[in-house]
Protein chains: 2
Amino acid sequence: MPAIKDVAQRAGVSVATVSRVLNDHPAVRTDTRDKVLAAVADLGYRPNAVARSLRTHQTRALGLVISDVLNPFFTELARSVEDAARDRGYSVVIGNADERPDLQDHHVRTLVDRRIDGLLVSPTDGGSPLMLDAARTGTPMVFVDRWIEGEGLDEVPVVRTDGGAAVRDLVAHLHALGHRRLAIIAGPAATTTGRERVDAFRSALREFGLALPAEYIGQGDFQADSGRRVTARFLDLPRPPEAIFAADNLMALGAMDEIRSRGLRVPDDVALAAFDDIPWFVHTDPPITAIAQPTGDLGHAAVGALIDRIEGRPAASVTLSARLVPRRSCGEPEGSTP
Amino acid sequence: MPAIKDVAQRAGVSVATVSRVLNDHPAVRTDTRDKVLAAVADLGYRPNAVARSLRTHQTRALGLVISDVLNPFFTELARSVEDAARDRGYSVVIGNADERPDLQDHHVRTLVDRRIDGLLVSPTDGGSPLMLDAARTGTPMVFVDRWIEGEGLDEVPVVRTDGGAAVRDLVAHLHALGHRRLAIIAGPAATTTGRERVDAFRSALREFGLALPAEYIGQGDFQADSGRRVTARFLDLPRPPEAIFAADNLMALGAMDEIRSRGLRVPDDVALAAFDDIPWFVHTDPPITAIAQPTGDLGHAAVGALIDRIEGRPAASVTLSARLVPRRSCGEPEGSTP
DNA sequence: CTGAAAGCGCTTACAG
DNA sequence: CTGAAAGCGCTTACAG
């Protein structure tokens with residue numbers, strides 16, 4: 001691959017001049033610019049971004065550490081992040097933590113070593129020392145979807161969805177359909193979304209005079225298998241719940257697997273609802289009632305906040321809201337025509 | 001962030017020595033190694049990968065350009081690629097082409113500019129000049145899933161799935177269930193998988209004495225919308241097909257959308273099958289018959305081949321096979337208990 | 001076993 | 001408007 005000096009030589013100028021035309025520096029005579037451009041074209045020259053980054057101390061790359069690529073929610077998020085970043089001249093490097101803190105750390109480390117300009121993370125856990133370090137060390141950072149608290153993390157903006165109202169709508173919906181024994185498959189307590197969704201569910205239940213007994217809170221990890229496991233436990237209870245709320249779409253998938261494998265039917269035997277909506281929910285048997293996040297807006301806002309930080313502007317946290325999308329998995333809505 | 005010279009200073013040695021202990025060079029006295037390591041720990045020093053890459057001419061990063069992140073097949077592929085790469089000490093940078101040749105080129109360019117050590121690509125189209133250039137320019141490359149032919153591309157290994165036998169099995173299955181008018185929602189003719197799946201379908205039909213008339217071949221682009229559009233056209237035909245085979249899972253999603261919106265039922269009104277299996281196919285109404293690719297093996301083999309090329313070993317193409325997973329979307333299999 | 005020095009491919013004050 | 005030179009943070013022959 002040709003280097004800048006090859007271009008300079010061919011164009012009969014210095015490397016400084018080549019660099020100037022490449023960077024659109026105004027002070028270059030038109031004819032020398034043309035000569036340089038011709039040489040660039042002849043050689044098929046492409047600037048080495050590694051060398052440029054070393055010199056300029058910026059990579060024009062953003063790191064994005066997501067909890068699980070196999071989760072359509074994160075995949076959509078990643079897509080909107082990439083779109084927004086590209087629009088602003090940044091590329092994004094994705095790391096998939098697979099809901100594993102060790103893998104998350106691995107990616108944070110790698111990304112920081114590669115000197116990405118900023119880091120977008122949706123933490124899998126309560127925050128490792130390494131994560132805190134990255135934040136303190138000066139790498140601009142923003143949390144998306146999930147976040148962590150800690151020494152030196154107050155400065156880190158959080159871009160997320162508040163599902164509170166939507167969860168309340170869901171509970172109202174379930175209540176109206178006659179369900180009284182409601183259970184939740186929770187995400188890891190180490191994650192904010194894991195805790196918040198349970199809290200929101202619990203307080204909505206209280207509003208309707210309903211309790212959330214311990215045996216109706218199943219501990220999942222946001223992945224399908226845990227949804228299966230927790231659902232099995234629920235269904236084995238002497239008084240199983242009438243409705244199950246899965247805190248993400250993969251655990252809902254696991255729940256369906258388990259329900260189906262027992263020959264039971266949704267919603268006749270158990271109602272089911274999920275946090276996070278996905279296109280397939282329209283076609284499942286029955287279509288699944290879900291809480292939809294504005295994923296695209298989330299990604300755009302996160303990138304906006306991160307670039308603000310990178311470029312030295314103050315960046316604010318952003319909270320968007322989710323909405324309930326009622327379908328048939330909790331029972332036939334009143335006044336509907338089946 | 002501290003640089004190597006800060007470590008050297010604190011440890012009272014030269015930067016060369018620090019570099020040696022960081023790279024596990026054997027010729028370092030134990031006590032100086034300890035001093036250096038202590039300084040590294042004190043400062044929280046992390047080597048700058050950008051500088052290292054510039055010096056060593058390798059980034060230990062692989063580029064992966066996939067056609068569509070929102071397609072679960074590619075998402076699974078990306079995951080297995082990342083796993084395999086990580087095991088071998090490489091990280092992977094993903095670029096999402098969104099089935100758009102221009103975006104694909106953008107990513108290839110960016111990745112090559114960043115001097116990734118090798119490129120894994122699943123081309124969206126017939127191959128842009130830029131792509132050919134990347135291959136010729138010396139960037140080690142391997143095609144996954146889809147590939148392109150062209151001047152200078154003979155050397156590029158192809159790691160893919162041959163769906164021929166599975167497609168034949170599918171046609172046999174449809175035939176056994178009494179379907180005779182079979183249609184296909186094809187992928188772009190510019191892609192190998194787009195063409196191959198039609199070819200395989202056509203020759204399987206021929207084997208059963210069936211024709212594949214032009215109006216039963218709908219041109220899609222591997223995304224959901226096109227599945228909807230093509231299905232609408234099929235259903236508007238004076239003699240609509242009895243069965244529709246979608247060449248990927250997103251077009252199958254679009255087909256279901258369209259079928260449902262017309263108040264028709266699968267498989268009673270039309271049978272449906274898809275290339276690529278996904279976990280949700282078990283829970284759709286009805287469960288969808290699909291052709292499953294060994295995605296994990298595909299990713300591992302692709303990484304293996306690419307690293308072979310990078311490290312100067314000869315790399316071979318790999319062809320794996322797909323298998324039919326019959327479910328209920330084509331009709332009740334003989335001898336089954338509903 | 002260790003250090004001084006060159007060099008990877010760029011950019012950017014500083015002169016002229 | 002252009003060039004010579006320094007320097008980004010490393011690694012690695014080459015001496016000693």
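Every chain is numbered from 1, with letters handed out A, B, ... down the list of sequences. Source: prediction; values computed, not measured.
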How would you label the contact of [X] with the nucleic acid (heavy atoms, under 4.0 Å): base, sugar-phosphate, or nothing?
X: B/Ser53; result: nothing
X: A/His57; result: sugar-phosphate
X: A/Val50; result: nothing
X: B/Ala3; result: sugar-phosphate

Grab the [atom1]-[atom2] distance between [X] and [N] for me, whole Å please.
X: B/Arg29; N: C/dG3; atom1: CZ; atom2: C1'; result: 14 Å
X: A/Leu22; N: D/dT2; atom1: CG; atom2: C1'; result: 16 Å
X: B/Arg115; N: C/dG9; atom1: CZ; atom2: P; result: 9 Å
X: A/Gln9; N: C/dG9; atom1: CD; atom2: P; result: 14 Å
X: B/Asp113; N: C/dC10; atom1: CG; atom2: P; result: 10 Å
X: B/His25; N: C/dC1; atom1: NE2; atom2: P; result: 9 Å
X: A/Asp6; N: C/dC8; atom1: CG; atom2: P; result: 11 Å
X: B/Asp24; N: D/dT11; atom1: CG; atom2: P; result: 12 Å

* Asked: Within the pair B/Arg52 and D/dT11, is there a side-chain N or O less than 4.0 Å away from OP1 or OP2?
  -> yes
* C/dC10 OP1/OP2 closer than 4.0 Å to side-chain N/O of A/Tyr45 -> yes
Testing the 3.5 Å rule here: is there a donor-acceptor pair between the side chains of [X] and [Y]?
X: A/Thr75; Y: B/Thr75; result: yes
X: B/Arg114; Y: A/Ser91; result: yes
X: A/Arg115; Y: A/Ser53; result: no
X: B/Asp125; Y: B/Gln104; result: yes
X: B/Asn96; Y: A/Glu82; result: no

* Asked: With nearest nucleotides of DNA chain C determined for B/Ala27 and A/Asn48 from heavy-atom distances, which residue corresponds to the more 5′ nucleotide?
  -> B/Ala27
* pair B/Ile310-B/Tyr90: side-chain heavy atoms closer than 4.5 Å -> yes
* Hey, does A/Thr139 have a side-chain heavy atom less than 4.5 Å from the side chain of A/Ile116? ->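 Counting from C-beta outward, A/Ile116 and A/Thr139 do come under 4.5 Å.
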What nitrogen or oxygen pairs link the protein and nucleotides 12-16 of chain C at under 3.5 Å?
{"residue": "C/dA13", "atom": "N6", "partner": "A/Arg20", "partner atom": "NH2", "Å": "3.1"}

* Which nucleotide in C/dC8, C/dC10, D/dT11 has an atom nearest any side-chain atom of B/Ile4 ->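 Selected nucleotide (nearest to the side chain): D/dT11.
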* Looking at C/dT2, C/dC8, D/dG3, which one has an atom nearest to any side-chain atom of B/Leu54? ->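 Nearest listed nucleotide: C/dC8.
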* Calculate, to the nearest 0.5 Å, the distance between atoms OG1 and CZ belonging to A/Thr193 and A/Phe73 respectively. =>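 Nearest 0.5 Å value for the OG1-CZ distance: 8.5 Å.
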* Structure fact -> Applying the Watson-Crick and G-U criteria (both distances under 3.5 angstrom) with [ ] for crossing and | for other-strand pairs, one obtains for DNA chain C |||.||||||||.|||
* **B/Asp83 with B/Arg79: basic N within carboxylate O range, under 4.0 Å** => yes
* Salt bridge between A/Arg100 and A/Asp98, side-chain N to carboxylate O under 4.0 Å? -> no
